[in-house]
Amino acid sequence: MPENIRGNGTATIEAGKNITTNGPSGSLDNCTCIILKGTYDYYPDDATSAPISVEYHFYPGADMIRNYDIERGKHYTMTVNLKGANSADARVEITDGNVFTIADPDIKGDNIIF
């Protein structure tokens, strides 16, 4: 992987690293992103249940919270434990529109706060 020094963002939790405004200078443009694509079946034992297409996005760096630097000559190891397709998590994108998603959990619509 080529060197890509992007700097630090402002996230305070791992899922926050994927929010654009938390990126270096408020942007994720040109940050290295690893995308895992697959399918998830909510009810694998139900023959009528169709799996949904899912993408999991990860921005590696010195840590998984605020650093976006990919340095030359460094070895990066990520342990990924996928436990579902939670569309409220900024790292998860449902790509086939087959499930209810929350675009921005901070938006207050009709006095509902997620």
Side-chain angles (χ1 to χ4, degrees):
M1 186 177 306
E3 184 169 77
N4 187 15
I5 306 300
R6 305 308 306 165
N8 289 319
T10 59
T12 57
I13 61 172
E14 287 182 7
K17 191 171 185 179
N18 288 51
I19 297 172
T20 300
T21 56
N22 287 343
S25 301
S27 174
L28 293 176
D29 291 345
N30 301 314
C31 290
T32 299
C33 183
I34 296 171
I35 301 173
L36 300 177
K37 294 182 179 185
T39 58
Y40 182 77
D41 194 343
Y42 283 100
Y43 306 103
D45 296 329
D46 182 353
T48 62
S49 172
I52 59 171
S53 297
V54 182
E55 290 183 2
Y56 301 88
H57 297 243
F58 302 97
Y59 289 88
D63 62 49
M64 290 304 289
I65 297 177
R66 60 183 209 97
N67 184 272
Y68 294 82
D69 292 343
I70 300 297
E71 298 181 54
R72 182 178 295 119
K74 293 259 182 151
H75 180 79
Y76 296 89
T77 301
M78 265 187 356
T79 301
V80 179
N81 295 312
L82 302 177
K83 295 185 179 183
N86 181 353
S87 61
D89 188 326
R91 297 168 292 186
V92 180
E93 181 179 340
I94 310 299
T95 59
D96 65 5
N98 194 21
V99 64
F100 174 78
T101 61
I102 300 171
D104 186 344
D106 296 327
I107 292 176
K108 299 174 184 128
D110 300 324
N111 297 324
I112 298 171
I113 302 171
F114 296 99

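Throughout, numbering of the chain's residues begins at 1 and tracks the sequence. Values below: every heavy atom of this structure, side chains too, minus hydrogens, waters and symmetry copies. Please read these numbers as outputs of a predicted model, since none were measured by experiment.
- Scanning both residues, L28 and N18, for their nearest heavy atoms gives CD1-O, 3.4 Å.
- Looking at every heavy atom in both residues, N8 comes nearest to N67 through OD1-ND2, 2.8 Å.
- Judged as a side-chain hydrogen bond (donor to acceptor under 3.5 Å, both in side chains), the pairs with a partner in residues 46-61 (not counting sequence neighbours) are, in order, D41-S49, D46-T48, E55-H57, H57-E93.
- In plain terms, the two heavy atoms of T39 and P51 that are nearest each other are CB-CB, 4.0 Å.
- I5 and E71 get closest at one heavy-atom pair: CD1-CG, 3.7 Å.
- Note: the hydrophobic cluster containing M64 also contains I34 (ILVMFWY, side chain heavy atoms under 4.5 Å, direct or indirect links).
- When all heavy atoms of C31 and Y68 are compared, the closest pair comes out as SG-CD2, 3.8 Å.
- In this structure the side chain of V80 reaches within 4.5 angstrom of the side chain of L36, judged on heavy atoms.
- In this structure, the side chain of S27 engages the main chain of D29 through a donor-acceptor pair within 3.5 Å.
- I35 and Y76 are not part of a single hydrophobic cluster, where members link through side-chain heavy atoms under 4.5 Å apart.
- Within the structure, salt bridge (Lys or Arg N to Asp or Glu O under 4.0 Å) contacts touching residues 60-70 (residues at least two apart or in different chains) do not occur.
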Does I52 form a side chain to side chain contact (heavy atoms under 4.5 Å, CB included) with Y42? I'd like the steps, not just the answer. CA-CA 8 Å; I52 59 171; Y42 283 100; 3.5 Å; yes
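- In this structure, I70 and E3 have side chains that are not in contact, with every pair of non-hydrogen atoms separated by 4.5 Å or more.
- Counting only residues at least two apart or in different chains, salt bridge (Lys or Arg N to Asp or Glu O under 4.0 Å) contacts with residues 9-25 comprise E14-R91.
- Going from atom OG1 of T12 over to atom CD1 of I65 covers 7.5 Å, rounded to the nearest 0.5 Å.
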